[in-house]
Trainee: 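Supplied in structure tokens, the structure appears directly below.
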Amino acid sequence: MRASVTLLLALAVSVVLPSAQVPTARTLDIYVIDVEGGNATLFVSPSGESLLIDTGNAGAAAVRDADRIMAAVKEAGLTRIDNLITTHWHGDHYGGLAEVAARIPIRHFIDHGANVQPAAAVDEFLQKTYPALYAKATHTVARPGMKISVAGLDVLVVTSAGEMIKAALPGAGGANPYCANFKPGENNAEDPMSVGTSVTFGKFRTIHLGDLTKNKEFELMCPNNRIGTVNVLLGLHHGVDTSNSEVLVHALSPRVAIMNNGTRKGGQPDVMKTLHSSPGLEDLWQIHFSQLSGQEYTVPGMFIANVLDEPSVTMPVAPISAPQPGPGAPPAPIHNGTAYWIKVSARADGSFTVTNGRNGFSKTYRAGP
Ligand SMILES: [Zn+2]
Ligand SMILES: [Zn+2]
């Protein structure tokens, strides 16, 4: 009986929902989707136009992550993705692309250009799969300074293929006091290529830099801060410590940071110290509890969106160190079950509300002076 009522309700809703993209709200809505230490972040403008940054993990996880992305797409009432940025060619960022493209039309594909890291699976994807996906759409290789058309928003590429915007954004460009203490960080080849994007809606500003690494953070932010400050810092390279230097985090001075970490990826003590000491930071929100934080460094659970398939009743005080990668590494704790997003609803006056999809906890950050 209940099932049939639910079915009737579903039918009623599907009839009522408009088939075209129409404005449904006066907020910019941002869904930070749990793709297990990968990235998938969906922006929905008040105009109804959309931008998706990355598509989650490859291989066996691609279907799971595409399903999770589509859950946010449905919640937002979208019938197409207007713009898809693939920040770089790592499997935790482009992995679900073909699965998402099979579920919903994508109008504009954006990336940094050729893969620069030896990876046969990526090369095969770029030669065989990707061109067929954008054949009936638009494909753009991003360059710093390029605008991406999303009605109602100002979307600007600030980094791509290892290059940075040359000129400061309006109101930015002052000397960055954190540059003096910068310590260079080791990089792999693809992370520094990340497409980084600044999104402005009225007085609200946010930035997503993909997996941009420390040395590139320095190039972008030193000696002068070309970005200025943001309300919300998104992504944070999963909270991994090859990124998230003070020259970036402290100089951007976010009120809120939302970290797309995994169960055992990101949230290391050094990153947590940088975040917790960041001037003006009011809250850090995390996509997962991370074993690499332990109780010592983590935020309260109400700010964390996801637990494990087999919930643990206790979390050790001390953080663990990430095991050496390789065939001998024990698997990270698994979360293939119901996933929850962290949603930001931003208003043009600069105020915004962040909501934890798991527990419904919600906090509004009032417009600044
Ligand atoms: Zn998860
Ligand atoms: Zn990544």
Side-chain angles (χ1 to χ4, degrees), residues 31-41 52-69 71-72 85-97 111-112 115-117 119 121-122 159 185-197 208-214 216-217 233-244 258-268 271 285-293 298 301 303-312 315 322 325 331-343 356-359:
Y31 297 84
V32 181
I33 299 158
D34 179 22
V35 286
E36 303 306 318
N39 182 59
T41 306
L52 176 63
I53 300 183
D54 292 333
T55 49
N57 284 283
V63 169
R64 177 200 67 196
D65 289 357
D67 285 345
R68 291 177 176 185
I69 291 165
I85 295 174
T86 300
T87 58
H88 63 295
W89 302 117
H90 277 161
D92 57 330
H93 293 260
Y94 82 91
L97 206 168
D111 57 67
H112 73 65
N115 167 44
V116 300
Q117 185 167 288
V122 175
T159 68
E186 288 297 312
N187 298 335
N188 61 49
E190 263 295 316
D191 283 344
M193 300 293 109
S194 290
V195 176
T197 309
H208 193 303
L209 295 173
D211 287 358
L212 198 75
T213 40
K214 280 182 175 171
K216 292 297 176 186
E217 292 173 354
L233 176 57
L234 292 168
L236 295 93
H237 186 187
H238 325 296
V240 167
D241 60 9
T242 51
S243 299
N244 301 302
I258 305 177
M259 185 164 86
N260 56 4
N261 64 298
T263 62
R264 200 186 61 199
K265 182 178 181 182
Q268 289 104 318
V271 172
W285 296 67
Q286 299 182 203
I287 280 292
H288 256 284
F289 287 88
S290 175
Q291 292 186 331
L292 307 189
S293 293
T298 193
F303 292 94
I304 302 177
N306 288 281
V307 295
L308 307 176
D309 287 345
E310 292 179 32
S312 49
M315 184 174 186
I334 291 168
H335 179 225
N336 288 322
T338 306
Y340 300 95
W341 53 66
I342 293 172
K343 182 180 176 183
N356 182 339
R358 175 174 63 88
N359 54 24

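Along the sequence shown, residues carry numbers from 1. Remember, it's 1-based here, ligands and their atoms both numbered in the order they're listed.
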Trainee: For the residue pair W89 and Y94, does the interplanar ring angle fall in the parallel (under 30°), tilted (30 to 60°) or perpendicular (over 60°) class?
Mentor: perpendicular

Trainee: Is it the case that the side chain of N57 and the backbone of G95 share a donor-acceptor pair, with hydrogens and angles ignored and the cut-off at 3.5 Å?
Mentor: no

Trainee: Taking the N/O/S atoms of D34 one by one, which is nearest to the Zn ion (ligand 1)?
Mentor: OD2

Trainee: Write the atom name of the N, O or S atom in E36 that is nearest the Zn ion (ligand 1).
Mentor: OE2

Trainee: Taking the N/O/S atoms of H335 one by one, which is nearest to the Zn ion (ligand 1)?
Mentor: ND1

Trainee: How many protein atoms of type N/O/S are positioned less than 2.8 Å from the Zn ion (ligand 2)?
Mentor: 4

Trainee: Using modelled atom types only, decide if a donor and an acceptor are shared between the side chain of D241 and the backbone of V271 within a distance under 3.5 Å.
Mentor: no

Trainee: Give me the ring orientation class for W341 and Y31: parallel if the planes are under 30° apart, tilted from 30 to 60°, perpendicular past 60°.
Mentor: perpendicular

Trainee: Are H112 and E190 linked by a side-chain donor-acceptor pair shorter than 3.5 Å?
Mentor: yes

Trainee: For residues D54 and T87, is any side-chain donor paired with an opposing acceptor at under 3.5 Å?
Mentor: yes

Trainee: Are the aromatic ring centres of H238 and H93 under 6.0 angstrom apart?
Mentor: yes

